[in-house]
Engineer: 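After the structure tokens below, expect a handful of questions from me.
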There are 2 protein chains.
Amino acid sequence: MPRVGLSREKVLAAALALVDREGIAALSMRKLGAELGVEAMTLYYYVPNKDAVLDGLIDMAVSRVTVEPVGPWREWLRAFAVAIRRELLAHPALLPLVATRPVLAPGGLATVERIAAALRAEGFGALEGLQLVNAVATFVVGHTLAEAGRTPGHDEPDVAGVMESLDPGEYPVLAEALRAGLGTPEDHQERFDRALDALLRGLAPRATL
Amino acid sequence: MPRVGLSREKVLAAALALVDREGIAALSMRKLGAELGVEAMTLYYYVPNKDAVLDGLIDMAVSRVTVEPVGPWREWLRAFAVAIRRELLAHPALLPLVATRPVLAPGGLATVERIAAALRAEGFGALEGLQLVNAVATFVVGHTLAEAGRTPGHDEPDVAGVMESLDPGEYPVLAEALRAGLGTPEDHQERFDRALDALLRGLAPRATL
DNA sequence: TGACGTCTCTTACGTCGTAAGAATATCGTC
DNA sequence: GACGATATTCTTACGACGTAAGAGACGTCA
């Protein structure tokens with residue numbers, strides 16, 4: 001019953017810590033309360049419901065992704081993609097959330113606005129630039145999703161196990177790729193770089209919208 | 001108590017119907033049982049747990065995506081992407097699942113194997129080809145995710161509402177893009193086509209793996 | 001002191017996944 | 001048709017979840 005000095009921010013911070021430590025499945029209002037030395041229902045004074053906590057987590061992550069749009073647009077757009085990826089890999093438990101929920105909170109919108117504005121200054125139309133931002137963002141999210149944190153729970157994906165037990169007779173190409181290093185960290189990094197380059201290479205302002 | 005003639009397949013089919021109709025959040029073992037005129041626990045005779053139902057749903061969807069790899073590889077790879085997108089849009093409730101869970105079941109692996117093999121015949125390395133398949137697949141999933149079915153529940157995403165209430169002073173480019181048609185079906189289609197073209201245009205076999 | 005707004009707790013309801021095992025239905029064999 | 005084995009279904013129960021409703025405790029200012 002003594003006051004603890006809570007706030008929406010502290011609740012979100014504790015939620016992020018809990019999620020980072022035990023995975024998204026472990027985030028329940030009761031556990032989050034316990035984390036803060038408080039009963040579950042107390043949290044409802046700072047947050048309307050659990051969904052708001054999840055949305056808050058997303059906005060925290062998205063807000064941390066910032067890029068200064070100076071120099072050649074392909075370069076800072078690439079830096080934007082890399083920044084997203086770094087943030088996602090730092091909090092892989094958030095991936096299912098980011099992939100699943102739209103970015104509607106203030107932090108995310110502000111970032112999108114800034115990038116889109118810079119692209120328009122480069123000759124893209126407003127709609128065109130936004131489409132570009134979206135293409136890059138969804139690409140990064142999709143790719144990072146494939147790379148890490150696939151399982152919604154906290155347990156490791158058993159990809160490795162299944163892969164190793166592949167019948168080389170039935171899946172010869174898969175087996176060969178596995179021997180060639182599929183799934184290693186270097187593989188993921190390289191795959192990301194190559195595909196991102198491909199995407200950026202293929203993009204250009206259309207002059208007319 | 002009379003036997004109903006259930007089977008794993010029928011359970012999965014009912015699950016898909018239920019999910020299509022009421023969204024992924026409405027899929028509970030009890031409701032799924034009711035759907036089949038059976039108690040919840042009965043399902044556990046055909047399926048080890050709920051996760052297996054979800055995995056089964058994914059594999060059903062993925063298995064339906066098939067492409068004949070004949071002709072120029074960029075063309076049938078494009079057809080592959082379009083086929084994935086069509087299947088996902090036909091069952092948008094599955095999107096959060098497909099995005100979140102790895103493709104490890106037989107159906108998905110077989111498809112991947114076939115595409116990767118065809119790519120190798122085009123001069124890609126085994127690993128390289130698989131990376132390509134993965135890049136295209138994650139791109140499509142990411143993009144479709146942004147297009148539809150964002151909310152995990154069955155209720156419509158309130159994107160439209162939030163967008164309309166945007167302060168044009170604070171988000172001028174976003175507002176302009178909105179007026180230019182952001183978020184319309186044509187916009188999504190065009191965005192998908194353009195980004196996919198960009199991605200494919202940027203990709204090419206590297207000759208050496 | 002007392003009253004008031006801020007914050008926290010208790011209790012309760014309906015839902016979920018599923019473990020354990022009892023009850024029933026169906027079928028092969030006599 | 002009766003009987004035992006096997007395949008299928010049901011009943012009951014437990015602990016966890018999100019959260020509605022309202023009671024209670026705290027700090028502050030009169």
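Residue numbers begin at 1 in each chain, while the letters A, B, ... track the order of the sequences.
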Engineer: Can you tell me how far C1' of D:dC17 sits from CE of B:Met29, to the nearest Å?
Structural biologist: 18 Å
Engineer: OP1 or OP2 of D:dC17 less than 4.0 angstrom from a side-chain nitrogen or oxygen of A:Ser28, does that happen here?
Structural biologist: yes
Engineer: Which dot-bracket string fits DNA chain D when only Watson-Crick or G-U wobble pairs with both atom distances under 3.5 Å count, crossing pairs get [ ], and | stands for a partner on a different strand?
Structural biologist: |||||||||||||||||||||||.||||||
Engineer: Using a strict 4.0 Å threshold on nitrogen-to-oxygen distance, state whether A:Arg78 and A:Asp193 make a salt bridge.
Structural biologist: yes
Engineer: Using every non-hydrogen atom in the two residues, find where B:Val140 and B:Ala81 come nearest and quote the distance to one decimal.
Structural biologist: CG2-CB, 3.6 Å
Engineer: A side-chain contact here means heavy atoms from C-beta on lying under 4.5 Å apart; do B:Met60 and B:His91 qualify?
Structural biologist: no
Engineer: Please report the distance, rounded to the nearest Å, between CG in B:Leu32 and C1' in C:dT15.
Structural biologist: 16 Å
Engineer: Anything under 30° is parallel, anything over 60° is perpendicular, the rest tilted; go ahead and classify A:Phe192 against A:Phe139.
Structural biologist: parallel
Engineer: Counting only N and O atoms by type, is there a donor-acceptor contact under 3.5 Å from the side chain of B:Glu113 to the main-chain atoms of A:Val173?
Structural biologist: yes
Engineer: Below 4.0 angstrom, which residues in residues 39-50 of chain A have at least one non-hydrogen atom near DNA chain C?
Structural biologist: A:Glu39, A:Met41, A:Thr42, A:Tyr45, A:Tyr46
Engineer: Tell me, do A:Asn134 and A:Val112 make a side-chain contact under 4.5 Å, heavy atoms counted?
Structural biologist: no
Engineer: Can you find a heavy atom in the side chain of A:Val136 that is under 4.5 Å from one in the side chain of A:Ile115?
Structural biologist: no
Engineer: With heavy atoms under 4.0 Å as the rule, sort B:Leu27 into base, sugar-phosphate or nothing.
Structural biologist: sugar-phosphate
Engineer: Could you give the CZ-to-C1' distance, from A:Arg30 to C:dT8, as a whole number of Å?
Structural biologist: 16 Å
Engineer: Quick check: does any side chain N or O of A:Lys10 sit under 3.5 Å from a backbone N or O of A:Gly5, one acting as donor and the other as acceptor?
Structural biologist: yes
